[in-house]
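Residue numbers start at 1 and run along the sequence shown.
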Amino acid sequence: MGNNPIPDTAIYHTQQCAEKILKAFLCARAISIPKTHDIVLLTEMASEFDKSFETIINDAGCLTPFATAFRYPGVDLEPDITEVNEAIEMAETIMNFTKNKIEGI
């Protein structure tokens with residue numbers, strides 16, 4: 001992929017998608033939202049209100065590192081397209097799951 005910034009940008013946004021939808025759920029529940037990029041923490045907070053959030057904890061754990069892993073200078077990591085596609089699927093799972101929970105509030 002060379003110097004193409006698209007894969008690292010795309011994978012970063014998968015983390016952001018999951019983070020923001022989980023924060024939306026907490027907001028809908030009138031819970032104070034912490035300043036964090038830790039999707040596992042946010043999922044654990046959501047599971048205090050709905051235990052079924054525990055079903056997405058593994059995806060949350062996979063996406064959490066993407067908040068910083070590819071974002072800072074000096075890091076020569078770049079995700080491959082398979083990793084990006086897997087991250088997109090995990091983010092979609094978290095987004096759709098949480099969106100349904102928000103709609104049920």
Suppose the criterion is side-chain hydrogen bond (donor to acceptor under 3.5 Å, both in side chains): which pairs have a residue in residues 33-44, not counting sequence neighbours?
Glu19-His37

With the 4.5 Å side-chain cut-off for hydrophobic clustering, are Ile88 and Phe66 part of the same group?
yes

side-chain contact (heavy atoms from CB on, under 4.5 Å) against Asn96, all qualifying residues, sequence neighbours excluded
Glu92

Report the distance from atom CD1 of Ile94 to atom CD1 of Ile57, rounding to the nearest 0.5 Å.
9.0 Å

Rounded at 0.5 Å granularity, tell me how far CG in Asp8 sits from NE2 in His13.
9.5 Å

Partners passing side-chain contact (heavy atoms from CB on, under 4.5 Å) against Cys17 (at least two apart in sequence or in another chain):
Ala91, Met95

side-chain hydrogen bond (donor to acceptor under 3.5 Å, both in side chains): pairs with one or both residues in residues 49-61, sequence neighbours excluded:
Asp50-Ser52, Asp50-Lys101, Ser52-Lys101

side-chain hydrogen bond (donor to acceptor under 3.5 Å, both in side chains) partners for Lys99, two or more places apart
Glu103

Does Leu42 belong to the same Ile/Leu/Val/Met/Phe/Trp/Tyr cluster as Phe49, with side-chain heavy atoms less than 4.5 Å apart forming each link?
yes

Same cluster or not: Ile31 versus Ile39, using hydrophobic residues (I, L, V, M, F, W, Y) connected whenever any side-chain heavy atoms lie under 4.5 Å apart?
yes

Residues in side-chain contact (heavy atoms from CB on, under 4.5 Å) contact with Ile33, at least two apart in sequence or another chain
Lys23, Leu26, Cys27

Check ring pair (Phe, Tyr, Trp, His ring centres under 6.0 Å) between Phe97 and all other residues, then give those that pass, not counting sequence neighbours.
Phe53

Do the side chains of Gln15 and Pro65 get nearer than 4.5 Å, heavy atoms only?
no

